[in-house]
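In what follows, a single structure is set out as structure tokens and then discussed.
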Amino acid sequence: MNKKIQIALFASGNGSNAHALLKAATQCKNIEIALVLTDKSNAFVIERTKQFKVKTEVVEFERTAAPYRKDKESHEKKILDICHKNCIQWIFLAGYMRILSSHFISQYPEKIINIHPSKLPDFPGPKGYEDAFSAGVKSSGITIHFVDEGIDSGEILLQESFDRDPDDTLETFKSKGLKLEHLLYPKVLNKLDEFGELKRGYFE
Ligand code: GRF
């Protein structure tokens with residue numbers, strides 16, 4: 001049995017947060033990112049993972065004639081099997097664009113973490129930057145939280161703000177936010193490395 005805490009990253013796209021976590025993990029003593037899992041065979045996160053020599057698994061979502069719920073169940077079953085086979089103990093979502101079922105979450109109680117690009121509870125959902133920007137906020141933020149059965153509603157671990165400047169475009173606004181994401185998510189990973197668990201109090 002591997003003594004290091006085994007972590008999986010789930011990502012669907014670009015993978016810049018996965019990259020920041022993979023890089024940070026190279027300096028950690030007690031944790032290991034053992035798996036990067038994606039639901040998209042063309043996700044750039046696959047390219048990014050290569051330099052770290054971490055196992056990558058692609059589990060595409062397959063739509064069949066069965067009801068959507070059944071397809072989702074079988075997709076998640078494949079993912080859970082892979083996680084169990086790799087002795088995964090914690091899951092960090094890093095731009096994973098699927099909502100996990102309550103069954104899936106019950107297999108990893110308080111062991112699934114997500115990063116969301118807004119100051120939750122404001123602007124949950126898949127377009128955190130876009131929604132905050134078009135609402136005209138003067139400042140926004142980044143939230144890292146436990147995943148529960150709701151949408152971006154789990155207990156918050158860490159949250160930080162960034163300002164929107166009057167001349168920001170959506171692109172500059174997003175790139176400021178992403179820079180902050182890449183600082184904050186490794187901080188959370190480092191706390192897990194240090195304490196073997198995660199609590200809000202570690203970040204206060
Ligand atoms: C990030 O903005 C993250 O907060 C959100 O999805 C985006 C993923 O970006 N959940 P990347 O794939 O890590 O570059």
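Read the numbers this way: they start at 1 and go in the same order the structure lists the ligands and their atoms. Residues: numbered from 1 along the sequence shown.
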Are E76 and K78 within salt-bridge range, i.e. N to O under 4.0 Å? no
Nearest non-hydrogen atom to atom 8 (C) of ligand 1 belongs to which of G128, P126, G95? G95
Using distance alone, with no hydrogens and no angle criterion, decide if E32 and Q6 have a side-chain donor and acceptor under 3.5 Å apart. yes
Distance under 6.0 Å and angle within 45° of ring axis: R98 vs F61: yes
Mind telling me whether H145 and H116 have parallel, tilted or perpendicular rings, with 30° and 60° as the class edges? perpendicular
Looking at K85 and D81, is any side-chain nitrogen of the basic one under 4.0 Å from a carboxylate oxygen of the acidic one? no
What about G15: any of its N or O atoms under 3.5 Å from an N or O on ligand 1? yes
I need the atoms of ligand 1 closer than 4.0 Å to a non-hydrogen atom of E181, numbered in the order shown. 1 (C), 2 (O), 3 (C), 4 (O)
Using a strict cut-off of 4.0 Å, indicate which atoms of ligand 1 neighbour a heavy atom of N14. 12 (O), 14 (O)
Check each heavy atom of Y96 against ligand 1 and say whether those closer than 4.0 Å belong to the side chain, the backbone, both or neither. neither
Below 4.5 Å, heavy atoms only, C-beta onward: do L170 and E130 meet side chain to side chain? yes
Counting both backbone and side chain atoms, is some N or O of N17 under 3.5 Å from an N or O of ligand 1? yes
Which atoms from ligand 1 have a heavy atom of S16 less than 4.0 Å away? 11 (P), 12 (O), 13 (O), 14 (O)
Can you confirm, on distance only, whether ligand 1 has an N/O atom lying under 3.5 Å from any N/O atom belonging to Y129? no
Does any N or O atom in I115 lie less than 3.5 angstrom from one in ligand 1, N or O only? yes
Determine, for D168 against K176, whether the closest basic-nitrogen to carboxylate-oxygen distance falls under 4.0 angstrom. yes
